A.B. asks: 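Got a structure for you, written out below as structure tokens; questions coming shortly.
Bear in mind that the values here come from a model prediction, so they are computed numbers and not experimental data.
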Amino acid sequence: MFEIESKNQDTITIITKKATINFNIADFTIDAGLAVGKITGPGEFEIGDATIRGIGTKDNQTIYDVEVGGVHVGIIGGIEENLDDLVADILCTSSVRAVRELEPKLVVAMGNVDGMVTDLKLTARTEKKLKVKSLDSLPAVKEVVVLN
């Protein structure tokens with residue numbers, strides 16, 4: 001089980017039993033309170049019980065595929081490049097195109113929520129934290145969640 005939080009449209013926090021990991025999509029950094037400091041750029045990392053794959057784009061940006069307990073969380077913000085390299089059961093994004101292309105089970109809206117739900121013809125629900133128990137606990141029909 002893990003939780004996803006977001007205090008603003010540029011950050012996603014994943015909280016597992018062993019780690020709290022902050023992803024800042026504005027400056028493409030990962031902050032997990034590690035002795036080495038913040039992690040930047042593409043690469044593969046293990047932090048606690050999370051496996052993270054940073055995928056570089058041609059504009060020197062980074063998108064993330066985070067796997068915790070068999071659930072893949074894609075953290076891309078508004079980036080629409082290199083989506084073929086990403087697996088996402090849950091997608092944290094502001095891009096309607098990315099949602100259509102990747103077909104996640106759950107979308108965590110980052111940015112213009114109204115435009116996203118209108119374009120996708122979905123409704124949004126608001127949560128403080130998103131608690132994810134397992135892949136089987138994700139909704140059968142695509143949903144949009146707004147974290148605040």
A.B. asks: For N60, I'd like to know if atom CG has over 12 heavy atoms of other residues, nucleotides or ligands within 6.0 Å.
C.D. replies: no
A.B. asks: What heavy-atom pair brings A88 and G74 nearest, and what distance separates the two atoms?
C.D. replies: CB-N, 4.0 Å
A.B. asks: Considering only NZ, NE, NH1 and NH2 on the basic side and carboxylate oxygens on the acidic side, decide whether K129 and E127 come within less than 4.0 Å.
C.D. replies: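 A salt bridge is absent here (no side-chain N lies under 4.0 Å from a carboxylate O).
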A.B. asks: State whether the side chain of T118 and the backbone N or O of G115 hold a donor-acceptor pair below 3.5 Å, judged by distance alone.
C.D. replies: no
A.B. asks: For the CD atom of E3 and the NZ atom of K128, what is their distance to the nearest 0.5 Å?
C.D. replies: 13.5 Å
A.B. asks: To the nearest 0.5 angstrom, please state how far the SG atom of C92 sits from the CG atom of L147.
C.D. replies: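 One gets 7.5 Å once the value is rounded to the nearest 0.5 Å.
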A.B. asks: Let me confirm one number: the OG1-CZ distance from T51 to R53, rounded to the nearest 0.5 Å.
C.D. replies: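 If we round to the nearest 0.5 Å, T51:OG1 and R53:CZ are 11.0 Å apart.
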A.B. asks: To the nearest 0.5 Å, how far apart are CD in E80 and CD in E101?
C.D. replies: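 So the CD of E80 and the CD of E101 are separated by 8.5 Å.
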A.B. asks: Please walk me through it: do L106 and L91 pass side-chain contact (heavy atoms from CB on, under 4.5 Å)?
C.D. replies: CA-CA 6 Å; L106 192 61; L91 185 61; over 6 Å; no
A.B. asks: Do F28 and Y64 have side chains that get closer than 4.5 Å, going by heavy atoms?
C.D. replies: yes
A.B. asks: Is it possible for you to say whether V87 and L135 belong to one hydrophobic cluster, with membership spreading through side-chain heavy-atom contacts below 4.5 Å?
C.D. replies: no
A.B. asks: Do I47 and I30 pass the side-chain contact (heavy atoms from CB on, under 4.5 Å) test, and can you show the C-alpha distance, the side-chain angles, and the key distance before you say yes or no?
C.D. replies: CA-CA 10 Å; I47 301 174; I30 301 170; 4.2 Å; yes
A.B. asks: S94 and G78: which non-hydrogen atoms are nearest, and at how many Å?
C.D. replies: OG-CA, 3.3 Å
A.B. asks: Can you name the nearest heavy-atom pair linking D119 to R100, along with the distance?
C.D. replies: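 Scanning both residues, the minimum pair turns out to be O-NH2, 2.7 Å.
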A.B. asks: F2 vs V71, test: side-chain contact (heavy atoms from CB on, under 4.5 Å). Steps then yes/no.
C.D. replies: CA-CA 10 Å; F2 64 97; V71 178; 3.9 Å; yes
A.B. asks: Hey, are the side chains of V73 and I12 touching, using non-hydrogen atoms and a 4.5 Å cut-off?
C.D. replies: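 No, too far: nothing below the 4.5 Å cut-off.
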A.B. asks: Mind listing the closest non-hydrogen atom pair of T123 and V117 along with its distance?
C.D. replies: C-CG1, 4.2 Å
A.B. asks: Pair T16, D49 - check side-chain hydrogen bond (donor to acceptor under 3.5 Å, both in side chains), show working.
C.D. replies: CA-CA 7 Å; T16 70; D49 37 5; 2.4 Å; yes
A.B. asks: Of all the heavy-atom pairs spanning T11 and M110, show the shortest one and how long it is.
C.D. replies: N-CE, 4.4 Å
A.B. asks: Measuring from atom OG1 of T62 to atom CD of E81, what distance do you get when rounded to the nearest 0.5 angstrom?
C.D. replies: 11.0 Å
A.B. asks: Checking V132 against D89 for the side-chain contact (heavy atoms from CB on, under 4.5 Å) test, could you report, in this order, the C-alpha distance in whole Å, the side-chain angles of both residues, the deciding distance, and whether it holds?
C.D. replies: CA-CA 11 Å; V132 181; D89 302 307; over 6 Å; no
A.B. asks: Any sub-3.5 Å donor-acceptor pair from N24's side-chain atoms to A26's backbone N or O?
C.D. replies: yes
A.B. asks: Just by distance, no angles: are the side chains of T13 and N22 close enough, under 3.5 Å, to form a donor-acceptor pair?
C.D. replies: yes
A.B. asks: Find out whether I55 and P42 are in side-chain contact, i.e. whether some heavy atom of one side chain is under 4.5 Å from a heavy atom of the other.
C.D. replies: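 Sidechains of P42 and I55: no contact.
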A.B. asks: Any link between L138 and V141 through a network of hydrophobic side chains (Ile, Leu, Val, Met, Phe, Trp, Tyr) touching at under 4.5 Å?
C.D. replies: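 No; V141 is not reachable from L138 via cluster members.
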A.B. asks: Heavy-atom distance under 4.5 Å between the side chains of M116 and V107, does that happen here?
C.D. replies: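 SC-SC contact between M116 and V107 confirmed.
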A.B. asks: Between E143 and K105 (salt bridge meaning N to carboxylate O under 4.0 Å), is one present in this structure?
C.D. replies: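 No, no charged N to carboxylate O under 4.0 Å.
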A.B. asks: Would you call I63 and I75 a side-chain contact if the rule is heavy atoms closer than 4.5 Å?
C.D. replies: no
A.B. asks: Indicate yes or no: at least one non-hydrogen side-chain atom of K142 is less than 4.5 angstrom from one of V99.
C.D. replies: yes
A.B. asks: Are any of the side-chain heavy atoms of T126 and N148 separated by less than 4.5 Å?
C.D. replies: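 A side-chain contact under 4.5 Å exists here.
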A.B. asks: Nearest 0.5 angstrom please: I76 CD1 to T93 OG1, how far?
C.D. replies: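 Here the interatomic distance stands at 3.5 Å.
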A.B. asks: Going only through I, L, V, M, F, W and Y residues with side-chain contacts under 4.5 Å, is there a path from I15 to V68?
C.D. replies: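 No; V68 is not reachable from I15 via cluster members.
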A.B. asks: Would you mind reporting whether I39 and L34 have side-chain heavy atoms less than 4.5 Å apart?
C.D. replies: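 Result yes, sub-4.5 Å side-chain heavy-atom pair found.
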A.B. asks: Could you tell me if D27 and T29 have a donor-acceptor pair between their side chains, going purely by distance under 3.5 Å?
C.D. replies: yes
A.B. asks: Considering non-hydrogen atoms only, spot the tightest contact between Q9 and I25 and give its length.
C.D. replies: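 Of all heavy-atom pairs spanning Q9 and I25, the closest is O-CG2, 4.4 Å.
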A.B. asks: Do any N or O atoms from the side chain of N82 and from the backbone of D84 form a donor-acceptor pair under 3.5 angstrom?
C.D. replies: no
A.B. asks: Run the side-chain hydrogen bond (donor to acceptor under 3.5 Å, both in side chains) check on H72 and D65 step by step: do they pass?
C.D. replies: CA-CA 6 Å; H72 285 266; D65 177 358; 2.9 Å; yes
